[in-house]
Novice: 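Quick one: structure below, then a few questions.
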There are 2 protein chains.
Amino acid sequence: MALLTEKLTNNQQTILNLLEESKEPLKAYAILFDIQKKGIKSPLQVYRALDKLIEIGKVHKIESKNSYIACKNSHCNSQTSTSFLICEICDKVTELKKNNLSSYFSKVSEKSNFKYTKHNLEIYGECKNCKKKI
Amino acid sequence: MALLTEKLTNNQQTILNLLEESKEPLKAYAILFDIQKKGIKSPLQVYRALDKLIEIGKVHKIESKNSYIACKNSHCNSQTSTSFLICEICDKVTELKKNNLSSYFSKVSEKSNFKYTKHNLEIYGECKNCKKKI
DNA sequence: TTTGATATGTTATATTATTACATGTAATAT
DNA sequence: ATATTACATGTAATAATATAACATATCAAA
């Protein structure tokens, strides 16, 4: 747990705040654009902060969208594994939490004689709001 | 099934052959480099062929690696969904087939009032060969 | 044999991410 | 208090991944 309570640097905190306030995942250069007023000028500053935030589990990357999202799960047990529901209509992304996907994947992997460590899962479909409207 | 038996164009076939012969997933520019001798000169030609091959289910993209892999499953029922086991040690990638992951994810999604359409799953760990060596 | 759909070729450019290197900062050990 | 250590920053340049725009070609179906 030590990692999770570690103090963040200015750049890291600025970027985490932005992601936490955002209703949707943000791309690295969108982040850069948004915070140039706060003194962050180069892509590298953004990527470095993101790397650290990902490492400590505060932020996840959505691989298929090259986007980054703050982890709303205060006791996120998946600092490495991620599972998302992604709406194909409105692009809303929600993180699946408190599920037993890891143990399920662990079993599935074993059948192929593969030792599970972590996973990324991206499920596409229609969120509850968009389902209604159709 | 019509799509799966559709005739491929030269570029598409060239790139599919390369991917099928490859022991590992390939990146777009690696493909480009490999086939320049065969007349394909620009990234766009590669990406267009890949798009088509992905559309018909002959090739899958591994999102977290920006890499492309031929589908070895001759009757691939996942033209859109993909599930991979990725070895963190040797980088070997195998596709999970004939599993009921889709129906499982469908149920998991329903619990969040989300209508499942498709998924990408990337499981990281140790393949059977690398497990032995440790 | 024109039409419509799809594929190609080519150039340029957009988007995403990293390398390399100099400098700064803050905690700890001497 | 200062040298050492480990990170964090700043900056410029560039690498890696992917798409836009537009002209031309192919080829099957009406």
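Residue numbers begin at 1 in each chain, while the letters A, B, ... track the order of the sequences. Because the structure is a prediction, the values reported are computed rather than measured.
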Novice: Counting only side-chain N and O atoms of A:Lys7, is one of them less than 4.0 Å from OP1 or OP2 of C:dA27?
Specialist: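 Checking A:Lys7 against C:dA27: no side-chain N or O falls below 4.0 Å of OP1 or OP2.
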
Novice: Counting just side-chain N and O atoms, does A:Lys27 come under 4.0 Å of either OP1 or OP2 of C:dT15?
Specialist: no

Novice: Within this structure, what is the CD-to-C1' distance between A:Gln12 and C:dT25, rounded to whole angstrom?
Specialist: 14 Å

Novice: Taking all heavy atoms of B:Leu101 and all of B:Leu96, pick out the closest pair and write down the distance.
Specialist: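 Shortest heavy-atom contact: CD1-CD1, 4.1 Å.
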
Novice: Given D:dA8, D:dT11, D:dA18, which nucleotide is nearest the side-chain atoms of B:Pro43?
Specialist: D:dA18

Novice: Quick one: is B:Gln45 getting a side-chain N or O under 4.0 Å of the C:dT8 phosphate, OP1 or OP2?
Specialist: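 Result: no.
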
Novice: If you round to the nearest 0.5 Å, how far is CD1 of B:Ile86 from CD1 of B:Ile62?
Specialist: 5.5 Å

Novice: How many Å lie between CD on B:Glu63 and P on D:dT17, as a whole number?
Specialist: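 The distance from CD of B:Glu63 to P of D:dT17 comes to 13 Å, rounded to the nearest Å.
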
Novice: Starting at CG of B:Asn10 and ending at C1' of D:dT26, how long is that distance when rounded to a whole Å?
Specialist: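 The answer, rounded to whole Å, is 12 Å.
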
Novice: So what does B:Lys65 touch, heavy atoms closer than 4.0 Å: a base, only the sugar-phosphate, or nothing?
Specialist: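 The residue B:Lys65 makes no contact with any strand.
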
Novice: Expressed in angstrom and rounded to an integer, what is the separation of B:Asn66 atom CG from D:dA15 atom P?
Specialist: 18 Å

Novice: Report the distance from atom NZ of B:Lys38 to atom P of C:dT8, rounded to the nearest whole Å.
Specialist: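 For the pair B:Lys38 NZ and C:dT8 P, the rounded distance is 15 Å.
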
Novice: Could you check how far CG of A:Leu32 sits from P of D:dA12, rounded to whole Å?
Specialist: 14 Å

Novice: Is there ring stacking between B:Tyr47 and D:dT19, where the centres must be under 5.5 angstrom apart and the planes under 30 degrees?
Specialist: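 Aromatic stack with D:dT19 absent for B:Tyr47.
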
Novice: Between A:Gln36 (CD) and D:dT9 (C1'), how many Å, whole number?
Specialist: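 Computing the A:Gln36:CD to D:dT9:C1' distance gives 16 Å.
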
Novice: Compare all side-chain heavy atoms of A:Asn11 with those of A:Ile35 and state whether any distance is below 4.5 angstrom.
Specialist: no

Novice: State whether a side-chain donor-acceptor pair under 3.5 Å links A:Ser64 with B:Asn120.
Specialist: no

Novice: Have a look at A:Thr9 and say if it touches a base, only the backbone sugar-phosphate, or nothing, with a 4.0 Å heavy-atom cut-off.
Specialist: sugar-phosphate

Novice: Does A:Ile40 or A:Tyr29 map to a spot on DNA chain D nearer the 5' end, using the closest nucleotide for each?
Specialist: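 Mapping each residue to its closest nucleotide by heavy atoms, the 5'-most match is A:Ile40.
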
Novice: Taking for each residue the nucleotide of DNA chain C with the nearest heavy atom, is it A:Leu44 or B:Leu44 whose nucleotide lies nearer the 5' end?
Specialist: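 Between the two, 5'-proximity favours B:Leu44.
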
Novice: For C:dG9 and B:Lys41 - does any side-chain N or O of the residue sit under 4.0 Å from the phosphate oxygens OP1/OP2?
Specialist: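 No, B:Lys41 has no side-chain N/O under 4.0 Å of OP1/OP2 on C:dG9.
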
Novice: What heavy-atom pair brings A:Cys127 and B:Phe114 nearest, and what distance separates the two atoms?
Specialist: CA-CD1, 3.6 Å

Novice: Check the distance between D:dT19's C1' and B:Arg48's CZ and give it to me in whole angstrom.
Specialist: 10 Å

